[in-house]
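All values below were derived from every heavy atom in this structure, side-chain atoms included, with hydrogens, water molecules and symmetry-related copies excluded. For the single chain, residues carry numbers from 1 onward in sequence order. No experiment lies behind these values; they were computed from the predicted model shown.
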Amino acid sequence: MKISVETVEKAKNGDKEAFGQIYDSISTDLYKLALFNLGNTYDAEDVVSETFVEAYKSIKSLRDLASFKPWIMRILYIRCKRKVSEYIKGRSNSDIEEFTDLCDEKTDMEKDISEKSTVMAALDKVSFEEREIVILYVIHGYTTKEISKILDMPHGTVSSKLHRTYAKLRKILTEKEDFNE
């Protein structure tokens with residue numbers, strides 16, 4: 001769902017109802033991203049809550065109202081990165097069932113879950129930053145320019161990392177197919 005500049009402006013001026021509308025329109029997207037990156041519901045819920053609290057407190061400093069979504073995604077990205085660094089060595093496996101429940105339903109759910117599990121396992125083999133770029137591009141539909149703003153990274157770096165990560169994932173998935181045959 002698109003967030004109107006008018007709604008962001010109202011929220012920036014202290015309108016709690018407008019901020020609530022923003023929350024309603026993007027909280028699910030933020031949760032999916034956090035769940036995918038953190039691997040469990042509790043941490044994902046915490047990170048999303050912390051993100052909205054920080055956004056609410058600092059929305060007055062937002063200069064470009066049209067850039068609200070990349071701005072809040074950047075806050076979420078930083079919070080996820082901090083959380084991952086807290087438990088990087090003892091990271092738990094992703095809650096695959098919950099993540100697949102949030103994704104689009106298909107008629108052959110068993111095959112869909114298997115495919116998503118395979119892709120998630122492949123994504124788990126690339127770096128956090130690479131995974132984040134792919135998720136923002138593929139799942140959330142951001143352009144590489146928008147991702148560069150969210151991650152505070154040069155556009156060329158995002159583009160090259162995206163293409164290199166695709167190549168890595170293709171290789172990982174091809175090796176898995178060869179192994180299964």
Side-chain angles (χ1 to χ4, degrees), residues 1-3 7-8 11-12 14 16-104 113 116-117 119-144 146-153 157-158 161-162 165 169:
M1 187 180 282
K2 196 128 177 126
I3 302 167
T7 305
V8 175
K12 184 175 179 174
K16 292 178 183 175
E17 191 174 310
F19 196 83
Q21 290 173 351
I22 292 170
Y23 176 86
D24 290 341
S25 67
I26 64 170
S27 61
T28 302
D29 287 345
L30 295 179
Y31 177 73
K32 286 179 190 178
L33 185 59
L35 178 61
F36 189 84
N37 281 296
L38 300 176
N40 70 68
T41 58
Y42 304 111
D43 286 343
E45 290 169 355
D46 286 347
V47 166
V48 170
S49 294
E50 292 168 4
T51 298
F52 276 107
V53 168
E54 185 175 333
Y56 184 77
K57 288 179 179 178
S58 58
I59 194 167
K60 291 188 187 291
S61 67
L62 179 64
R63 292 183 196 142
D64 181 9
L65 300 177
S67 295
F68 177 83
K69 199 164 181 184
W71 176 74
I72 199 166
M73 291 296 263
R74 174 89 175 125
I75 295 170
L76 180 76
Y77 171 75
I78 291 167
R79 293 219 171 262
C80 284
K81 199 170 180 180
R82 283 183 196 152
K83 186 63 79 174
V84 167
S85 68
E86 288 176 14
Y87 61 79
I88 192 98
K89 290 184 182 178
R91 182 167 182 226
S92 63
N93 291 332
S94 295
D95 187 354
I96 294 170
E97 287 180 35
E98 183 163 348
F99 181 74
T100 55
D101 286 345
L102 294 171
C103 294
D104 296 330
I113 290 172
K116 286 178 183 172
S117 297
V119 171
M120 288 175 68
L123 281 169
D124 207 32
K125 294 181 180 182
V126 298
S127 74
F128 177 81
E129 190 174 76
E130 292 168 328
R131 183 170 48 248
E132 197 72 27
I133 291 170
V134 170
I135 291 168
L136 289 169
Y137 187 79
V138 175
I139 295 175
H140 292 286
Y142 285 103
T143 66
T144 52
E146 292 169 326
I147 295 169
S148 71
K149 282 183 182 178
I150 292 168
L151 302 180
D152 194 28
M153 185 182 290
T157 302
V158 170
K161 283 184 182 256
L162 178 64
T165 304
L169 290 171

Next item on the list: Begin with the C-alpha distance, continue with both residues' side-chain angles, and end with the deciding distance and a verdict on side chain to side chain contact (heavy atoms under 4.5 Å, CB included) for F36 and K32.
Entry: CA-CA 6 Å; F36 189 84; K32 286 179 190 178; over 6 Å; no
Next item on the list: Please step through side chain to side chain contact (heavy atoms under 4.5 Å, CB included) for the pair R131 and D124, ending with a clear verdict.
Entry: CA-CA 8 Å; R131 183 170 48 248; D124 207 32; 4.0 Å; yes
Notebook entry, point to check: Passes side chain to side chain contact (heavy atoms under 4.5 Å, CB included), T7 versus F68? Steps please.
Noted result: CA-CA 10 Å; T7 305; F68 177 83; over 6 Å; no
Item checked: Stepwise side chain to side chain contact (heavy atoms under 4.5 Å, CB included) test for K69 and Y142 -> CA-CA 10 Å; K69 199 164 181 184; Y142 285 103; 3.0 Å; yes
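The closest side-chain heavy-atom distance from I22 to I72 is not below 4.5 Å. Using a 4.5 Å cut-off on side-chain heavy atoms (C-beta onward), L136 and L33 make contact. Put simply, the side chain of I75 does not reach to within 4.5 Å of the side chain of E50, judged on heavy atoms. In this structure, M153 and E129 have side chains that are in contact, with non-hydrogen atoms separated by less than 4.5 Å.
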Which donor-acceptor pairs under 3.5 Å do side chains of residues 58-66 form with protein atoms, sequence neighbours excluded?
from, atom 1, to, atom 2, distance (Å)
S58, OG, E54, O, 2.7
K60, NZ, K12, O, 3.3
S61, OG, S58, O, 2.6
D64, OD1, A66, N, 3.2
D64, OD2, S67, OG, 2.7

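By the side chain to side chain donor-acceptor pair (under 3.5 Å) test, T144 is found to be paired with H155, residues two or more places apart in sequence or in another chain being considered. Partners of F19 according to the ring-ring contact (aromatic ring centres under 6.0 Å, His included) rule, which considers only residues two or more places apart in sequence or in another chain, are Y56.
Here the CZ-CG distance, from R79 to D43, works out to 13.0 Å after rounding to the nearest 0.5 Å.
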